[in-house]
Amino acid sequence: MHAGNLDGNFGRMNDPTSAASICGPCGDEMEFYLTIVDDVIRDVRYFTSGCGNTRACGAAVARRAKGRRVTDALSISAGELIRSGDCEPHEGRHCAILAVSTLYRAIADYLLHP
Ligand code: FES
């Protein structure tokens with residue numbers, strides 16, 4: 001974890017159960033790392049070099065996913081992030097989609113290689 005970083009889920013993970021990264025249409029990269037035990041997401045890290053809104057969306061997805069069963073975490077949606085105000089609604093809808101899609105891909109990675 002980075003010193004002085006208030007968002008404890010920001011960063012990379014050395015030995016995740018599964019991980020994924022997607023490059024969005026804007027060129028920003030989003031990465032998700034999951035530690036999964038008995039189908040429960042025990043720990044989550046996300047990393048992005050993108051804008052503040054991208055990072056806010058990554059943080060919101062990580063916060064929502066932590067502690068949930070993998071199938072429950074699939075109900076986290078970009079619409080939910082936008083409606084809740086965690087994502088800047090005017091410029092940033094694609095940031096929410098990028099964050100949620102990367103989580104989905106990491107979960108798919110786990111489901112295909114349990
Ligand atoms: Fe590219 Fe946010 S501006 S994902």
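Order of appearance sets the numbers: ligands from 1, and atoms from 1 within every ligand.
- Counting only protein N, O or S atoms, 2 lie closer than 2.8 Å to atom 2 (Fe) of ligand 1.
- Annotation: salt bridge (Lys or Arg N to Asp or Glu O under 4.0 Å) contacts of Glu29 (sequence neighbours excluded): none.
- To the nearest 0.5 Å, the span separating SG on Cys95 from CE on Met30 amounts to 7.5 Å.
- In this structure, Arg45 fails the cation-pi test against Phe32, since its NZ or CZ atom is not both closer than 6.0 Å to the six-membered ring centre and inside 45 degrees of the ring normal.
- In this view, Arg64 and Glu80, Asp86 satisfy the salt bridge (Lys or Arg N to Asp or Glu O under 4.0 Å) rule, not counting sequence neighbours.
- Here Glu31 pairs with Arg12, Tyr33 under the side chain to side chain donor-acceptor pair (under 3.5 Å) rule; sequence neighbours left out.
- Atom CD1 in Ile97 sits 11.5 Å away from atom OG1 in Thr102 (nearest 0.5 Å).
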